[in-house]
Amino acid sequence: MPELPEVEVVKRSLERKILHLAIKKVTINDGNLRYKINKKEILNLIGRKFIEIKRRSKFLIFKLNKDFHMLVHLGMTGKFFYIDRKKKKFKTSFYYDLNYKKDQKHDRVIFYFSNDQKLIYNDIRKFGFIKFVKKKKFLENIHLRNLGPEPLEKKYNFLYLKKYMNGRKRNVKNTLMDQRCVSGLGNIYVNEILFFSGINPKRKVKNLNDSEISRIIKNTKKILKNSIKLGGSSIKDFYSDDGKKGEFQQLFAVYGRKGEICSNTDCKKKISKIVISNRASFYCRRCQK
DNA sequence: AGGCATGTTACAGG
DNA sequence: ACCTGTAACATGCC
């Protein structure tokens with residue numbers, strides 16, 4: 001589920017719920033995530049509090065009133081459940097799985113706060129991770145040191161991308177998925193960006209013209225911003241803050257739409273699905289040249 | 001039963 | 001040293 005917009009939505013809702021609350025207890029049901037959770041380090045959280053939450057690419061950075069940060073990546077299926085004990089019902093901070101009861105067995109780590117709230121890290125496939133990183137060594141951290149610019153920042157612009165793409169033999173799909181080029185995009189959003197930019201995913205980046213590069217920049221920013229505004233769209237079951245079920249809307253133009261008619265006016269072609277580097281690519285043969 | 005899935009990274013080979 | 005593609009990780013769903 002989580003690409004940049006989803007992680008940003010998680011960040012925004014978490015910072016409204018758990019900042020400045022004393023951490024009372026942490027239990028680990030299964031610490032064998034992508035990296036084994038260091039129990040000693042996680043016990044260091046007791047009595048501390050999160051003072052700020054930041055996002056870099058798809059990583060969440062929980063800043064503590066201590067000399068280290070908690071670094072979290074959601075992998076493919078990581079999610080947080082926020083639970084309000086006082087109301088004796090679940091209250092989710094961002095999204096809520098319809099099958100939560102069934103999903104409960106994948107609760108991996110539970111953070112208990114002093115006011116009887118708790119935060120659950122749930123991860124079906126265990127590709128996510130929770131790590132602790134010394135503040136002084138943060139920027140040189142292996143996960144963060146090679147990340148390219150944030151797509152929504154000014155540094156990610158036409159000149160940057162033109163220079164990056166110049167002379168590279170790689171195709172545009174893999175290039176945009178590469179976190180060193182631009183950080184935070186994943187398979188879903190790259191499919192969408194290339195559709196709206198009218199570019200075939202297999203095109204070599206060195207052959208893209210100025211207009212195409214410019215379209216990639218513009219559409220990336222537009223699509224990501226819109227998705228954040230809508231509360232993260234690559235999620236299946238969305239519940240608003242009060243736990244009411246939201247309307248699920250399929251917001252993608254091409255992703256997952258193999259065989260459906262292209263949404264561009266006057267184009268009657270069916271959306272194709274091909275595999276590029278082991279990942280599904282959806283595109284319109286007529287509109288994406 | 002087999003194929004597929006939103007992410008990252010270690011590794012092999014050019 | 002750089003660039004590229006592939007496999008692996010764990011689990012559930014169709």
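First the proteins, then the strands, lettered A, B, ... as listed; each starts at 1.
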Nucleotide [N], atom [atom2] - distance to [atom1] of [X] in whole Å:
X      : N     : atom1 : atom2 : result
A/K126 : C/dA8 : NZ    : P     : 19 Å
A/L33  : B/dT9 : CG    : C1'   : 16 Å
A/R145 : B/dT9 : CZ    : C1'   : 12 Å
A/R257 : B/dA5 : CZ    : C1'   : 18 Å
A/D123 : C/dC9 : CG    : C1'   : 12 Å
A/D178 : C/dG5 : CG    : C1'   : 12 Å
A/Y189 : B/dG7 : OH    : P     : 11 Å
A/R55  : B/dG7 : CZ    : P     : 14 Å

Can you tell me which nucleotide in [options] comes closest to the side chain of [X]?
X      : options               : result
A/H73  : C/dG5, B/dA5, B/dT8   : B/dT8
A/F127 : C/dC9, B/dA5, B/dT8   : C/dC9
A/H143 : B/dG7, C/dA10, B/dT9  : B/dT9
A/N278 : C/dT11, C/dT6, C/dC9  : C/dT6
A/N174 : B/dG7, C/dG5, C/dT11  : C/dG5
A/K58  : B/dC4, B/dT9, B/dT8   : B/dT8
A/R180 : B/dT8, C/dT4, C/dA10  : C/dT4
A/R125 : B/dA10, C/dA10, B/dG7 : C/dA10
A/R168 : B/dA5, B/dG7, C/dC3   : C/dC3

Taking only N and O in the side chain of [X], is any of them less than 4.0 Å away from OP1 or OP2 of [N]?
X      : N      : value
A/Q179 : B/dG7  : no
A/K258 : B/dC4  : no
A/K169 : C/dC2  : no
A/H106 : C/dG12 : yes

Is there a donor in the side chain of [X] and an acceptor in the side chain of [Y], or the other way round, less than 3.5 Å apart?
X      : Y      : result
A/N29  : A/D107 : no
A/S272 : A/R285 : yes
A/H73  : A/K131 : no
A/E150 : A/S57  : no

So that I can tick it off, tell me whether A/D178 and A/R170 are bridged by a salt bridge, with the cut-off set at under 4.0 angstrom between side-chain N and carboxylate O.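 Looking at A/D178 together with A/R170, the answer is yes, because their closest N to O distance falls below 4.0 Å.
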
Which one is paired to C/dA10, where only Watson-Crick or G-U wobble pairs with both distances under 3.5 angstrom count?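 Base partner found: none.
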
Regarding A/R279, tell me which of base, sugar-phosphate or nothing describes its non-hydrogen contacts under 4.0 Å with the strands shown.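 Answer is base: heavy atoms of A/R279 come under 4.0 Å of a base.
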
With a non-hydrogen cut-off below 4.0 angstrom, is A/F59 in contact with a base, only sugar-phosphate, or nothing?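 No contact.
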
Given that A/R108 and A/R170 both sit by DNA chain C, which one's nearest nucleotide is further toward the 5' end?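 Its nearest nucleotide being more 5', the pick is A/R170.
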
Think A/K24 forms a cation-pi with A/Y112, using NZ or CZ under 6.0 Å from the six-ring centre and within 45 degrees of its axis?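 No; the conditions do not both hold, so A/K24 does not lie above the ring face of A/Y112.
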
A/R168 charged N/C atom sitting above A/Y164 aromatic ring, 6.0 Å / 45°: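 So A/R168 does make the cation-pi contact.
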
Taking the same atom, P, in B/dA10 and in C/dA10, what whole-Å distance lies between them?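 To the nearest whole Å, 16 Å.
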
P-based separation of C/dT6 from B/dC4 [nearest Å]: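 Pairwise P distance, B/dC4 against C/dT6, rounds to 15 Å.
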
With distance as the sole criterion, do the side chain of A/R34 and the base of B/dT9 form a donor-acceptor contact below 3.5 Å?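 No, the side chain and the base share no sub-3.5 Å donor-acceptor pair.
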
